[in-house]
There are 2 protein chains.
Amino acid sequence: MDMTSPPAAAADCLGVSEVLGRIGDKWTVQVVVALHDRPRRFNDLKREIAGISQQMLTRTLKLLERDGMLERTVHPSAPPQVEYALSSLGRSLSQPLMQLAEWAIAHRDAVHESRVRYDASQLRAR
Amino acid sequence: MDMTSPPAAAADCLGVSEVLGRIGDKWTVQVVVALHDRPRRFNDLKREIAGISQQMLTRTLKLLERDGMLERTVHPSAPPQVEYALSSLGRSLSQPLMQLAEWAIAHRDAVHESRVRYDASQLRAR
DNA sequence: CGGGATCCAGTAGGATACTG
DNA sequence: CAGTATCCTACTGGATCCCG
């Protein structure tokens, strides 16, 4: 899917939806945000992120590591200690992520009201 | 943007992944971008967005309309004409979207190389 | 032209048990 | 503690046919 040399931002909309499709899953962003302040260990993250299973935490961490968004450090000891920390690439992502967060906060009510209106109008139409 | 007081945005990380989960699907962003310049009609969009089926275009447009991101105008005529245009809410979203687009462009190579490295190391480990 | 109604495959995500 | 291995369900997305 490697296009030619990227022209402008708007023309590269495919790249955007690629990124969004990648980080738009259920847990990735929550993990990134949880690691924003400081590195954390596995079960530390598991406790921090309400509702995530070991399975999904493992998968999400692996994908983020694969993309170079975080670094995994194993401290050989018993019991084993594994620390996850955002890489500089991972931190650079949280910048535009926060922009989106502010948009979400600013317009969440508008979206919610629109949905209520739309659903009501759909009911009347039946 | 004001990010001096951190908890406001950071604490609302759930809202972010909600938004990302919503627009992080396969087509939503591409539709928004396709409507960024000017309003378009159904089959116009279908031609513009390579690979989308009527089904998915219909679904995507409906969800965007439900969220108040676009306005649907029916011109009664034969054959019927339906025009889709971004609402101000929809246009406001493309702002943070472009931030993300620039991040994608700036770091796409880094991500790709990281994946290649990671996959190679996984092969060696087996 | 602009959809609606179906059917179907693939994958994301969840629960649980087990391991080094 | 930090995972791996299974199994299962639900939802996303695609193809097709039909209708006003």
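Sequence lines set the chain letters: A, B, ... in the order given, protein chains first and strands last, and positions in each chain run from 1.
- In this structure, M56(B) atom CE and dG10(C) atom C1' are separated by 14 Å, rounded to whole Å.
- What separates CG of L63(A) from P of dG13(C) is a distance of 10 Å, to the nearest Å.
- Of all the residues in residues 36-51 of chain A, R41(A), F42(A), N43(A) reach under 4.0 Å from DNA chain D with at least one non-hydrogen atom.
- Between K62(A) and dG3(D) there is no side-chain N or O to OP1 or OP2 distance below 4.0 Å.
- Y118(B) and L93(A) fall into different hydrophobic clusters, where Ile, Leu, Val, Met, Phe, Trp and Tyr are joined by side-chain heavy atoms under 4.5 Å apart, directly or via other members.
- The shortest distance between the side-chain N/O atoms of R72(B) and the OP1/OP2 oxygens of dG3(C) is below 4.0 Å.
- Smallest separation of non-hydrogen atoms from T28(B) and T60(B): CA-CG2, 3.6 Å.
- Distances shown here put a side-chain N or O of Y84(A) below 4.0 Å from the OP1 or OP2 atom of dG3(D).
- Side chain of D25(A), nearest nucleotide from dT4(D), dG3(D), dG13(C): dG13(C).
- A pairwise comparison of heavy atoms in W103(B) and S92(A) identifies NE1-OG, 2.9 Å as the closest pair.
- Whole-Å rounding puts the Q30(B) CD to dT12(D) P distance at 17 Å.
- Interatomic distance, CH2 of W27(B) versus CD1 of I52(B), reported as 5.0 Å (0.5 Å rounding).
- Nearest heavy atom pair, residue E71(B) against residue S87(B), reads OE2-CB, 3.5 Å.
- Comparing atom distances between the P80(A) side chain and each of dG14(D), dG3(C), dA2(D) picks out dA2(D) as nearest.
- In this structure, E83(B) atom CD and dG2(C) atom P are separated by 10 Å, rounded to whole Å.
- The environment of Q81(B) atom CD is dense: over 12 non-hydrogen atoms of other residues, nucleotides or ligands sit within 6.0 angstrom.
- Using a distance-only test at 3.5 Å, with no hydrogens or angles considered, a donor-acceptor pair links the side chain of R40(B) to the main chain of A34(B).
- Using a 4.0 Å heavy-atom criterion, one finds that T58(A) contacts the bases of the nucleic acid, with or without backbone contacts as well.
- Nearest-nucleotide positions on DNA chain D for Q81(A) and R59(A) put Q81(A) closer to the 5' end.
- What separates NE2 of H75(A) from C1' of dA2(D) is a distance of 13 Å, to the nearest Å.
- Counting distance only, with no hydrogens placed and no angle test, the side-chain atoms of Q55(B) and the base atoms of dT12(D) include no donor-acceptor pair under 3.5 Å.
- Atom-to-atom, CG of L61(B) to P of dG2(C) comes out at 11 Å; the value is rounded to the nearest Å.
- Rounded to whole Å, the distance from CD on Q54(A) to C1' on dG13(C) is 13 Å.
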